[in-house]
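Scroll down for the structure; my scribbles are underneath it.
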Amino acid sequence: VARAWIDPKWAALLEDWVLAGHHGSMRFLAETLETRKAVSAWWPEARSVLCVAASYPPAAQAPPTEEGVWGRVSGHACGRDYHRAVSELLEDAVHEVQQLLGVSLDHRVCVDTAPVMERALALSCGLGRRGKNGCLMVEGVGSRVVLGEVFFSSHLEADPPLPGDSCEGCDRCVQACPTGALLGDGRMDAGRCLAYLSIEHKGLIPQKLASAMGDRVFGCDTCLDVCPRNEARRSDAGSEASSILQSLRPSDPKKIEEGWLCLTSLARLPTGELRRKLAPTGLERLTPSRLRRNLCIVCGNTSSRRARRVLEGLAKSRSNLVSRQARQALGDSSKGA
Ligand code: B12
Ligand code: SF4
Ligand code: SF4
């Protein structure tokens with residue numbers, strides 16, 4: 001449990017980060033800066049916050065053996081959309097407590113759904129420590145967790161932050177980042193981060209960064225995959241692991257659960273069907289044209305005739321973004337001819 005209060009050192013850090021332009025084109029971060037710096041600016045009555053971390057297993061590292069061009073999906077986006085899944089869990093928990101106590105609690109649930117510094121709140125009550133990859137690391141669990149909060153207008157006793165540094169001389173994530181986005185002290189230049197480019201960025205992705213995307217079609221897990229603190233969960237890859245999010249996953253769409261999307265099949269889907277297929281998952285956040293843009297990039301990074309045929313089709317897309325990204329990828333991929 002944390003106080004509904006952002007430590008001024010984290011508020012200042014966020015402000016400096018935005019002023020330095022490290023937020024890339026995520027304008028919503030600059031526009032909500034003042035609100036993020038103080039919980040009271042978002043909800044003046046908030047006094048306490050229950051902070052939770054929901055773990056998820058890593059996505060399968062190898063693509064399925066079936067034929068096709070496969071795109072890698074980050075673990076946090078496999079299966080059911082975590083924003084909805086964790087919000088429902090938290091609402092259910094509050095409901096149960098209210099029933100037990102026979103009271104009505106004035107509260108608000110947030111799972112990446114409100115302009116608050118979720119990592120700062122989790123750090124302040126000792127839910128975990130900060131890694132050099134910027135992520136909150138939970139003792140014995142690692143950083144493959146998503147965060148959620150229940151804000152209350154009542155006072156609850158707050159927990160203290162954890163002492164110590166969990167990185168202890170390690171800098172594997174900083175070295176492994178394919179684009180050098182991690183600055184080494186917990187900060188990142190989001191404009192260079194593949195998670196940002198594939199999920200948040202709306203425009204064309206320049207060829208140098210597109211090449212670095214490799215087979216990633218949604219998000220990037222490299223700085224989580226190399227972290228020794230995440231080793232305990234590595235053997236769970238692609239299995240029916242007993243994590244909170246895994247237990248909430250529906251059986252459809254199967255391949256997204258395993259962490260891979262068949263791009264050759266997706267490329268053939270009309271927009272309406274594409275939307276329907278992705279609606280229950282975290283990939284819903286991508287518009288069909290941004291998903292097709294990412295698909296072009298992965299196909300461009302794949303040396304196969306099949307990938308080239310997909311690109312030739314998408315080069316004729318009515319979406320300016322998709323056709324430009326496809327043409328850029330074709331220009332770069334004489335390799336597949
Ligand atoms: C914008 C955003 C992004 C951006 C920018 C990420 C970033 N590092 O700032 C992009 C699109 C790149 C992104 C990527 C990912 N994201 Co994101 N993202 C957010 C969002 C909406 C805001 C984060 C923010 O304000 N960033 C600005 C920085 C300055 O603030 P901060 O991260 O809170 O800063 C803390 C630490 O990074 C650290 N720190 C940062 N800089 C420095 C510098 C110094 C000197 C020190 C001492 C400390 C320090 O301390 C700060 C204390 O709060 C949050 C949700 C939320 N509302 O908080 C989710 C959130 C941070 N993302 C999340 C996830 C899961 C991811 C990905 C793993 C998804 C993926 N696999 O593709 C990647 C991870 C990339 C990474 N290494 O951070 C989770 C993180 C869970 C965790 N274990 O920490 C969050 C909390 C969403 C959630 N509810 O679960 N994300
Ligand atoms: S998510 Fe990928 S690109 Fe972004 S900082 Fe981590 S390793 Fe680098
Ligand atoms: S890889 Fe090493 S430096 Fe990076 S977060 Fe994990 S322990 Fe810290």
Side-chain angles (χ1 to χ4, degrees), residues 58-81 178 194-195 197-199 201-202 204-205 207 209-222 237-238 249-337:
Q61 288 299 310
T65 48
E66 292 146 55
E67 280 196 5
V69 179
W70 294 91
R72 189 188 289 264
V73 177
S74 283
H76 79 293
C78 294
R80 199 165 160 228
D81 177 30
L194 300 176
L197 288 163
S198 62
I199 303 174
H201 183 64
K202 295 188 171 69
L204 191 79
I205 298 184
Q207 191 50 44
L209 291 166
S211 301
M213 265 175 69
D215 57 13
R216 298 171 187 81
V217 73
F218 188 91
C220 169
D221 278 347
T222 300
R249 287 175 183 174
S251 56
D252 183 54
K254 185 146 189 341
K255 292 300 180 237
I256 304 181
E257 277 186 47
E258 290 166 4
W260 293 87
L261 279 179
C262 181
L263 305 186
T264 15
S265 311
L266 277 193
R268 285 195 292 266
L269 290 184
T271 299
E273 214 174 309
L274 192 60
R275 276 192 212 278
R276 260 194 306 284
K277 191 170 166 60
L278 302 181
T281 78
L283 275 74
E284 185 199 20
R285 294 176 74 184
L286 278 187
T287 58
S289 57
R290 270 193 276 160
L291 178 64
R292 290 190 182 112
R293 171 201 65 190
N294 296 352
L295 193 152
C296 291
I297 291 171
V298 177
C299 285
N301 291 336
T302 311
S303 306
S304 78
R305 281 174 196 282
R306 188 179 269 124
R308 200 173 169 84
R309 276 200 298 276
V310 170
L311 285 173
E312 283 163 356
L314 290 174
K316 295 177 204 136
S317 167
R318 271 183 306 186
S319 153
N320 188 27
L321 173 64
V322 177
S323 63
R324 282 175 66 206
Q325 198 75 57
R327 287 201 304 274
Q328 181 180 290
L330 276 168
D332 189 59
S333 67
S334 46
K335 48 196 174 196

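Remark: Arg306 engages Glu67 in a salt bridge, criterion side-chain N to carboxylate O under 4.0 Å. The existence of a salt bridge linking Glu273 and Lys277 is excluded, since no basic side-chain nitrogen approaches an acidic carboxylate oxygen closer than 4.0 Å.
No side-chain heavy atom of Asp81 sits less than 4.5 Å from a side-chain heavy atom of Thr281. You'll find the side chain of Glu66 stays beyond 4.5 Å of the side chain of Cys262, heavy atoms only. When side chains are defined from C-beta on, Leu261 counts as touching Leu283, because their heavy atoms get closer than 4.5 Å. Annotation: side chain of Arg309 is in contact with side chain of Arg305 (closest heavy-atom distance under 4.5 Å).
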Exercise for the section: May I have the step-by-step check of side chain to side chain contact (heavy atoms under 4.5 Å, CB included) for His201 and Arg293, ending in yes or no? Expected result: CA-CA 11 Å; His201 183 64; Arg293 171 201 65 190; 4.0 Å; yes
Handout entry: Step-by-step side chain to side chain contact (heavy atoms under 4.5 Å, CB included) determination, His76 to Phe218
Key = CA-CA 10 Å; His76 79 293; Phe218 188 91; 4.2 Å; yes
Practice task
Check the pair Leu311 / Cys296 against side chain to side chain contact (heavy atoms under 4.5 Å, CB included), numbers first and verdict last.
Solution key: CA-CA 6 Å; Leu311 285 173; Cys296 291; 3.8 Å; yes
Exercise for the section: Start with the C-alpha distance between Leu266 and Leu295, add both sets of side-chain angles, then the distance that settles side chain to side chain contact (heavy atoms under 4.5 Å, CB included), and finish with yes or no. Expected result: CA-CA 9 Å; Leu266 277 193; Leu295 193 152; 4.1 Å; yes
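Here the CD atom belonging to Gln325 is positioned 10.0 Å from the OG atom belonging to Ser319, to the nearest 0.5 angstrom. The CG atom of Leu197 sits 9.0 Å away from atom CG of Asn294, with the distance rounded to the nearest 0.5 Å. Rounding to the nearest 0.5 Å places CG of Leu286 at 8.0 Å from CG of Leu278. Residue Arg268 holds its CZ atom at 11.0 Å from CG of Leu263, rounded to the nearest 0.5 Å. Going from atom SG of Cys299 over to atom CG of Asp215 covers 11.5 Å, rounded to the nearest 0.5 Å. Between the OG atom in Ser198 and the CZ atom in Arg72 there is a gap of 12.5 Å [rounded to 0.5 Å].
In plain terms, the two heavy atoms of Gly300 and Ala329 that are nearest each other are CA-CB, 3.9 Å. What you find for Cys78 and Gly259 is that their closest heavy atoms are SG-CA, 3.6 Å. The two residues Thr271 and Pro288 come nearest to each other via the heavy atoms CG2-CG, 3.6 Å. When every heavy atom of Ile205 is checked against every heavy atom of Leu209, the shortest pair comes out as CG2-CB, 4.1 Å. For Gly75 against Asp221, the heavy-atom pair with the smallest separation is N-OD2, 2.8 Å. Shown here for Ser289 and Val322, the closest heavy-atom pair between the two residues is O-CG2, 3.4 Å.
Thr222 and Arg216 are linked by a side-chain donor-acceptor pair at a separation below 3.5 angstrom, with hydrogens and angles left out of the test. Counting only N and O atoms by type, the side chains of Ser323 and Arg292 include no donor and acceptor under 3.5 Å apart.
Judged by distance alone, with hydrogens and angles left aside, the side-chain atoms of Trp260 form a donor-acceptor pair with the main-chain N or O of Ala60 at under 3.5 Å. Of the possible polar contacts, one joining the Asn301 side chain to the Ala210 backbone as a donor-acceptor pair under 3.5 Å is found.
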